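Predicted model, so just to flag it, every value in this text is computed and none were measured.
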Amino acid sequence: MPEGTLQLNGRPAMSILSTIRTLLLFLALFAVMPATAGEPVTLRIGDTLALQLPGEETLTGDFPVDRQGEITLPEIGPLKVAGLELDKAGALIRSRLAAVFRDIERLSVRIGERKLFVAVAGQVRKPGTLELPGDATVEVAIAEAGGISAGAQLDRMKVVRGRKEIVFDYKKYMDTGDRSILPKLQPLDIVFVPISPLTGNVFMDFDAETLSRAGDGAENGGSVRIFGEVQHPAQFAYKPEMSIVDLIMRAGGVTRYASVEQIRVITDKGPVLFNLQAYLDSGDSKLLPELKKGATVFVPIVAEQIRRGKHTVYVMGEVAKPGAFEAQDGATFIDILANSGGPTRFAETRQLRIIRAGGKVEMFDLVAFTEGKVTDIPLVRPGDAILVPEKTETQEPSWLRIPTTRAVQLIGAVNKPGRYEWSDDMSLFDLISNAGGPTGQGDLSAIRILQRAGDTARPVLFDMRAYLENGGREDTVPAIHAGYIIEVPELPVDPSDNKSLWVRQGADRSIYIMGAVGAPGRYAFNASLGFLDILAAANGPAGNADLRHIRVSLRGETDAEPVHVDLSRYMETGDERLLPRLQPGDMIYVPAQDRDWIDVDTAETVRVLGAVAKPGRYTFSSRMNILDLLAQAGGPSDSALQDRIVVVNMGREVRAFHFDLLAFTRTGDARKLPVVRPGDTVYVPDKTQSQWARVMTTVKDAAQIVGLVAAVAAL
């Protein structure tokens with residue numbers, strides 16, 4: 001069995017390399033974006049045309065486009081279709097087949113499988129010609145060729161397309177993931193992976209890491225040596241432009257124990273000290289010693305000694321690496337603290353002390369500085385000392401350890417209200433669950449979230465109860481961020497024995513009910529409740545309640561007129577449309593039946609005037625007519641003109657109608673009854689107002705005048 005082969009149940013399986021290559025190919029194909037819908041499809045080499053002509057088996061099947069861009073049709077032979085759009089290719093095929101086959105219009109032409117014929121050459125494991133899926137990329141082609149071999153130059157890869165060469169930077173693509181860097185493949189392209197010029201002219205298998213550690217120096221006179229606290233001590237070939245920094249980099253850099261201020265360079269002129277730290281801080285090339293052939297560089301280890309100098313600053317206490325540090329010009333307090341490894345978990349970062357060389361002590365709050373509350377940091381001079389004290393031990397962890405920028409506050413009716421550390425990966429449900437959930441009196445239907453943004457805050461209400469019962473989209477749950485305040489309010493308590501408890505209930509989730517009900521007052525309300533729920537909570541209507549004229553004031557709407565509710569009609573019909581949809585803040589008023597006539601709106605009554613037994617204002621509904629009104633008014637009197645009753649409609653246009661009651665009593669035709677609406681007036685005239693009565697009154701007055709004239713003449 002070949003080396004590197006896996007065993008599964010005693011049988012050989014695919015090699016590790018083949019498995020990795022298959023996975024890379026799958027991932028690359030998965031990431032390829034599909035073509036934009038609606039774009040015309042152009043045929044190319046490697047595509048497969050699926051033809052279907054009912055009744056002709058020879059024209060039903062797949063016809064691949066070969067490397068010459070042709071398909072081979074029965075009775076026709078080769079036909080070039082590469083470069084044509086699908087519709088034009090179909091028209092060409094039909095026109096050529098029409099000379100041999102009949103009823104060719106039923107022929108359907110569509111694209112079946114799309115493939116790419118490309119070649120991969122150069123520094124890959126398996127160079128050669130490949131057959132790839134039609135949407136394959138350069139990455140897929142390289143993976144199918146076994147991957148890139150060691151020594152490949154990734155920044156100068158190219159795609160050869162005929163006489164054209166497209167150079168691209170595959171290394172930049174691997175660093176950024178920007179697919180626009182990779183050229184799109186076309187049929188018959190050649191992907192070439194060049195070899196790096198750093199490799200030799202003789203091919204051999206080598207370990208690049210081992211080779212670099214061994215150095216490349218040969219003769220002593222033409223090389224330089226470096227040893228001590230470097231990663232790879234070795235002898236390297238000398239180059240005229242080489243500096244000591246280049247040599248240290250060739251050796252892998254210095255170790256963590258190197259004394260970079262005391263590096264020694266030995267040449268024919270004798271030993272020279274080199275301060276690498278000073279060079280890195282200043283960038284002054286004059287500090288670099290001259291490096292000649294045969295030179296020796298030694299990087300010593302840091303000696304354990306008491307350090308003291310004119311640039312020394314001391315860091316003590318709860319830091320990762322306390323000690324003495326050389327502070328160059330421009331080094332700040334934060335630079336020195338970071339150079340010491342920073343405070344440990346036991347450090348009291350709110351009580352840092354700066355001990356001046358003269359004995360003066362200054363305090364500094366590092367936490368306030370990181371939160372932006374303090375902008376000035378103390379100036380540290382040579383000879384000063386920074387003391388990071390140990391935190392005072394407490395029985396419980398201090399809430400001060402969590403800054404405001406990483407915490408949320410949860411208050412109200414939860415089992416464990418408090419201040420919690422927050423991550424944006426969590427949700428509101430995680431927070432309430434971590435707090436032990438709501439208490440028995442917690443009102444989940446009106447959770448209030450105070451969203452902070454800078455120096456402003458905006459409250460947001462969330463009905464968690466409705467979300468838990470009905471579900472919904474996750475984006476409807478308010479997002480919580482550090483600095484927010486969440487309140488879970490308590491359910492209202494019956495204020496019958498303590499009226500002060502009603503203030504616990506916010507006006508934005510209350511509704512008011514007044515008038516002839518069992519318990520008028522202020523009640524909690526949410527979107528899951530309705531008109532009947534509030535009426536039932538108030539112990540229902542009283543015995544003298546006028547259920548036909550209930551009024552609802554919509555306080556949340558500007559210039560909104562009250563809504564009239566006929567509860568009696570709802571009880572008779574069960575029509576839910578008769579009940580209004582309430583919102584928090586609305587007010588319900590249930591009037592009494594024995595209210596004063598001035599409290600009854602004109603739009604709810606009809607006036608009955610004239611020759612009736614009891615003229616006045618009467619309550620009227622749409623189920624009543626003029627006969628009901630006349631009967632309620634005691635009926636017409638004996639002197640009434642029953643054939644001249646007048647109905648005045650008080651609508652947008654005031655109009656009057658005559659009604660003949662006597663004619664209606666003879667026929668009983670309900671169509672002759674006039675329409676009466678709330679707000680109208682019914683007038684029953686008296687017989688004295690008839691035309692004949694007026695004439696007789698005039699005649700009687702004339703006779704009296706004539707008699708008076710005759711009496712005067714007789715005198």
May I ask you to test the [X]-[Y] pair for a side-chain heavy-atom distance under 4.5 Å?
X    : Y    : answer
P562 : V552 : no
V477 : S427 : no
I534 : I588 : yes
Q451 : I449 : yes
R452 : I485 : yes
K614 : Q632 : no

Any chance you could measure [X], atom [atom1], to [Y], atom [atom2], to the nearest 0.5 Å?
X    : Y    : atom1 : atom2 : answer
Y589 : R551 : OH    : CZ    : 6.0 Å
L567 : Y570 : CG    : OH    : 8.5 Å
H658 : L641 : NE2   : CG    : 11.5 Å
I511 : F531 : CD1   : CZ    : 9.0 Å
L431 : I480 : CG    : CD1   : 7.0 Å
Y683 : I645 : OH    : CD1   : 11.5 Å

Inset, instruction - Could you please spell out the steps behind the side chain to side chain contact (heavy atoms under 4.5 Å, CB included) verdict for D546 and V590? - result: CA-CA 7 Å; D546 186 0; V590 181; over 6 Å; no
Check whether [X] reaches the backbone of [Y] with its side chain - one donor and one acceptor, N or O, closer than 3.5 Å.
X    : Y    : value
N415 : G437 : yes
D586 : Q583 : yes
R94  : L107 : yes
D430 : S433 : no

Closest non-hydrogen atom pair, [X] against [Y]:
X    : Y    : value
G418 : Y420 : O-CD1, 3.7 Å
P438 : I432 : CD-CG2, 3.9 Å
H481 : V408 : O-CG1, 3.4 Å
D680 : V675 : OD2-O, 4.2 Å
V488 : G442 : CG1-CA, 4.3 Å
P678 : V606 : CA-CG2, 4.1 Å

Inset, instruction - State whether the number of non-hydrogen atoms from other residues, nucleotides or ligands found under 6.0 Å of D424 atom CG is greater than 12. - result: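 Yes - once you tally the heavy atoms of other residues, nucleotides and ligands closer than 6.0 Å, there are more than 12.
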Legend entry - Cationic N near anionic O, under 4.0 Å, D463 to R465: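 Salt bridge absent between D463 and R465.
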Inset, instruction - Using the side chain to side chain contact (heavy atoms under 4.5 Å, CB included) rule, take I486 and I411 through it: C-alpha gap first, then chi angles, then the decisive distance, then the call. - result: CA-CA 6 Å; I486 297 91; I411 59 178; over 6 Å; no
Inset, instruction - Report the C-alpha separation of L578 and R569 in whole Å, then their side-chain angles, then the decisive distance to 0.1 Å, and conclude whether the side chain to side chain contact (heavy atoms under 4.5 Å, CB included) test is met. - result: CA-CA 8 Å; L578 298 175; R569 184 173 180 82; 3.8 Å; yes
Legend entry - Near-ring test F429/Y467, centroid separation under 6.0 angstrom: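 Centroid distance Y467-F429: below 6.0 Å, so yes.
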Inset, instruction - Please assess V460 against R458 for the test side chain to side chain contact (heavy atoms under 4.5 Å, CB included), listing each intermediate value before the final yes or no. - result: CA-CA 7 Å; V460 174; R458 181 174 64 92; 3.6 Å; yes
